[in-house]
Each structure stands twice: as structure tokens, then as C-alpha cells.
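To keep things clear, I will list the structure first and then write my remarks on it.
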Protein chains: 2
Amino acid sequence: MDNKKFIPPDWAFEFHGHRCPFMPIGYRMGKLALEYLGIEREKDHGFFVFPELGEGHPQTCMMDGIQIATGATYGKVLIAKTFYGKLAATFYHQKKGAVRYSLRPEFVDAMGNFEFFAYRKKGIEPSEIPAAVVDEIINWVYQQTNELMFKVEPKPDFQYTPPKGSFNRTKCSLCGEYVFERYVRMKDGKPVCIPCSGYEKK
Amino acid sequence: MDNKKFIPPDWAFEFHGHRCPFMPIGYRMGKLALEYLGIEREKDHGFFVFPELGEGHPQTCMMDGIQIATGATYGKVLIAKTFYGKLAATFYHQKKGAVRYSLRPEFVDAMGNFEFFAYRKKGIEPSEIPAAVVDEIINWVYQQTNELMFKVEPKPDFQYTPPKGSFNRTKCSLCGEYVFERYVRMKDGKPVCIPCSGYEKK
């Protein structure tokens with residue numbers, strides 16, 4: 001089995017900030033999804049990822065691997081969590097359709113036995129865990145088959161339409177800073193930004 | 001003026017997917033914020049960025065530069081938009097406090113005159129714009145002073161407490177996939193994931 005193409009480049013670890021097994025798992029998931037949909041890494045704004053992760057739980061690092069592999073980055077507004085707390089993501093291309101990848105529970109269970117998690121559960125940050133302990137689990141992940149790691153589900157009915165963009169902007173009449181039009185609010189007959197408006201966000 | 005340290009590494013452009021002026025602007029903003037707060041690039045989970053950008057408007061690419069410079073990545077759940085539609089971000093470290101950087105309107109106006117935006121407003125994606133046009137605006141950005149680009153505001157009262165994390169997870173009794181505890185719902189007396197529950201998300 002040739003898993004070399006699923007090993008993230010060095011700069012991927014530099015971007016992520018530490019070595020852990022989840023960034024590489026997300027990287028592999030992203031690579032496989034591109035392959036499945038028959039597309040290249042996204043340069044601009046035509047491909048979207050909806051990870052089912054949330055907050056207040058571990059293993060979100062997968063999403064950095066997904067950003068790195070697919071080019072569906074947060075800065076390009078191409079990745080958005082669903083807050084379901086699940087180890088899965090749906091990948092959607094406007095012309096090629098959608099596919100969902102999830103981690104198999106058996107794989108998650110097997111991974112849970114590694115010493116890496118004993119450290120994490122004690123609250124020790126990934127960059128502080130001994131390198132040998134981190135490498136043990138990362139190397140094990142590299143050796144697993146795609147079939148053992150991932151459940152793959154085509155999502156033929158999945159649809160997503162990104163919000164229509166506009167370059168229009170207005171200066172807030174109170175703070176003088178620019179605001180993009182869709183976020184401008186009116187107060188005392190003048191355009192203001194949301195913080196100056198004092199209005200609730202929605 | 002030595003602006004070399006504000007030029008993103010090659011891998012930053014590879015991560016981002018295209019060359020544009022906004023990724024480098026966010027990179028510089030992030031570098032300056034780290035310097036201001038006296039901290040290093042974040043390896044793990046102790047530093048947070050709240051960009052005031054939203055969706056359906058341009059120039060969000062700044063956030064990729066911020067992720068790259070600071071290590072406050074989406075995958076580590078360290079960056080979260082406020083959806084104000086403003087070209088600004090607040091940087092917060094639990095021990096060092098907070099600072100807000102925003103783009104000065106005069107800088108945004110000056111930048112708007114470049115041919116790059118004529119292409120963007122016609123709907124041409126950054127990777128399709130002639131390299132000379134892209135390089136013109138990027139090089140101009142590199143030559144500007146920090147003072148001309150950014151307004152800097154200390155935010156001594158800014159507070160943020162990340163949600164308490166838990167490793168606990170449960171299998172959804174319907175789909176069999178793992179769900180982190182805070183997202184588990186109950187249906188017919190059994191634990192289920194949000195999609196299987198049929199309940200609305202909030």
C-alpha cells in the first residue's frame with residue numbers, strides 16, 4: 001500500500017503549529033474527497049467543505065488538514081462547521097456534487113488506545129507531549145488503509161448556494177470605519193456598523 | 001523601512017491557493033499583533049482571534065494570512081468571525097490581553113484604485129488575473145508603512161473564555177457514529193446525533 005501521498009508536507013505541520021494525528025487524518029480525508037469528486041485543490045472560491053465538528057471537544061485539528069489538502073480555507077469562506085460534534089465532513093463542488101467522509105467508530109476506538117490520548121486527557125498540549133509518543137500514533141495512522149479509516153457516502157441531493165457577494169461598502173457614520181453593505185445598520189437616519197448600532201447581531 | 005518580515009513565506013501562498021493582496025495584509029496584521037502582545041506564534045490552544053469579517057463580501061482572504069502568521073487556526077478552534085463586515089480583528093491571549101487592528105479607510109481607498117479590483121469586480125477569480133496586475137498591488141502593499149495601513153487599539157477590558165472541553169463521546173443509537181457529548185440529543189429514550197434527532201440545531 002502506498003500511503004506516501006497522504007503524508008502532509010512539512011509546511012502543513014508548520015501551519016498547524018504542532019504534530020498530532022488529526023491534522024494528517026483531515027489531510028488524507030481531504031485528498032481522498034478531491035480524488036473522489038475528480039477535482040484539483042481549490043485555488044479560488046468554487047468548492048466547499050462542511051465539517052461536522054463543533055467546539056469544546058478534541059480532534060478538531062482534522063479541519064486544518066482539510067484546509068491544507070483541499071484549499072477550502074477559512075479565509076476564502078469555503079469551510080464552515082455544522083456543530084454536530086461528529087468526526088465527518090461533506091465536500092461539495094458546484095459542478096461535481098458532494099460526498100461525505102466520516103471516521104469509522106472502530107478506527108476511532110483503536111486510536112484511543114495510544115498513549116498520546118493519556119497525555120491529552122491530562123490536559124497536556126500536543127506540543128508538550130514527548131515526540132516518540134506523538135510519532136507512534138502518527139506513524140500508525142499513516143499505515144492504516146483508507147477502507148479501515150473512512151466511511152464514504154455519496155450525497156447526490158446535497159445543495160449549497162453561497163451568499164451573493166458585493167463589493168459595496170459604506171463608512172460607519174459614528175466610528176468612520178468601512179462596513180460591507182450587507183452588515184450596515186441604520187440608526188437615527190444614518191448608516192452605522194453593528195458594534196456602533198448597539199443592536200443585537202441578528 | 002524593512003518590510004521583509006511581513007512578506008509571507010512561499011508555503012503561505014500555496015496554502016491560500018492564489019496570489020492576492022489580502023492574505024499578505026492579514027499576515028502582516030497577525031505578525032504585528034503577536035509583536036504587540038509579546039507572544040510567539042501559537043503552537044496549541046492559548047491564543048484567539050476574532051476577525052470582524054463576514055460573508056458575501058470580498059477581502060476575507062485576510063483571515064488566511066492571520067491563521068498563517070499567528071497559528072490561531074480554524075482547525076484548532078482559535079479563530080471565529082464576528083460577522084460585522086469590517087476589515088478588522090481582535091487578538092486575545094489569556095495572559096497578555098487583547099489588541100484590535102483595523103485597516104485605515106484611507107488605505108482601503110488607495111488600494112481600491114488598483115487594476116486588480118477592476119478584474120475582481122468583473123467576477124474574475126484571483127488565480128485568473130494576469131500576474132503583473134496581481135504583483136503590482138501586492139508589491140505596493142509590501143511598500144506601505146504599518147502606520148498608514150493599520151489603526152491599533154488596546155482592548156484592556158476584552159475577555160473570552162473558551163468552552164470547557166470534554167473527551168466524552170457516545171455512539172448515536174440510530175446511525176452508530178460517534179458524537180461528542182455536548183452535541184448528543186435524546187430521542188425515544190436513546191442518545192442520538194443532531195441529524196438523526198430531527199431536532200433543530202439550537
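Keep in mind that what you see is a predicted model, and the values were worked out from it rather than measured. Chain letters run A, B, ... following the sequence lines, proteins first, then strands; residues in each count from 1.
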*About how many Å separate CG of D44(A) and CD of E128(B), when rounded to the nearest 0.5 Å?*
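It is 6.5 Å, given to the nearest 0.5 Å.
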
*Rounded distance (nearest 0.5 Å) linking atom CZ of F22(A) with atom NZ of K76(B)*: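 Output value for this atom pair is 15.5 Å.
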
*Would a distance-only check, ignoring hydrogens and angles, find a side-chain to backbone donor-acceptor pair under 3.5 Å from R41(B) to F15(A)?*
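Yes; judged by distance alone, with no hydrogens or angles, the pair exists.
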
*Apply side-chain contact (heavy atoms from CB on, under 4.5 Å) to R169(B) and L87(A), showing your working.*
CA-CA 11 Å; R169(B) 56 174 194 248; L87(A) 298 164; 5.7 Å; no

Side chain, backbone, both or neither: which part of [X] has an atom under 4.5 Å from a heavy atom of chain A?
X: C61(B); value: both
X: D109(B); value: both
X: P162(B); value: neither

_For G54(B) against Y183(A), the heavy-atom pair lying closest together_ =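 For G54(B) and Y183(A), the tightest heavy-atom pair comes out as CA-OH, 3.4 Å.
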
*Side chain, backbone, both or neither: which part of K164(A) has a non-hydrogen atom closer than 4.5 Å to chain B?*
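Contact with chain B involves the backbone of K164(A) alone.
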
_S102(A) versus chain B, the contacting section by heavy-atom distance below 4.5 Å_ =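 Side chain only.
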
*asked:* My understanding is that only residues two or more places apart in sequence, or in another chain, count here; which of them pass salt bridge (Lys or Arg N to Asp or Glu O under 4.0 Å) with E153(A)?
replied: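 Only R100(A) meet the salt bridge (Lys or Arg N to Asp or Glu O under 4.0 Å) criterion with E153(A).
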
_Out of the candidates F180(A), Y178(A), F167(A), only one should pair with H57(B) under the ring pair (Phe, Tyr, Trp, His ring centres under 6.0 Å) rule; please name it._
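Of F180(A), Y178(A), F167(A), ring pair (Phe, Tyr, Trp, His ring centres under 6.0 Å) with H57(B) is met by F180(A) alone.
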
_Partners meeting side chain to side chain donor-acceptor pair (under 3.5 Å) with E125(A) (sequence neighbours left out)_ =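 Checked E125(A) against side chain to side chain donor-acceptor pair (under 3.5 Å); matches are H45(B).
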
_Is the shortest side-chain heavy-atom distance between C193(A) and Y84(B) below 4.5 Å?_
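When only atoms from C-beta onward are counted, Y84(B) and C193(A) do not touch, as no gap falls below 4.5 Å.
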
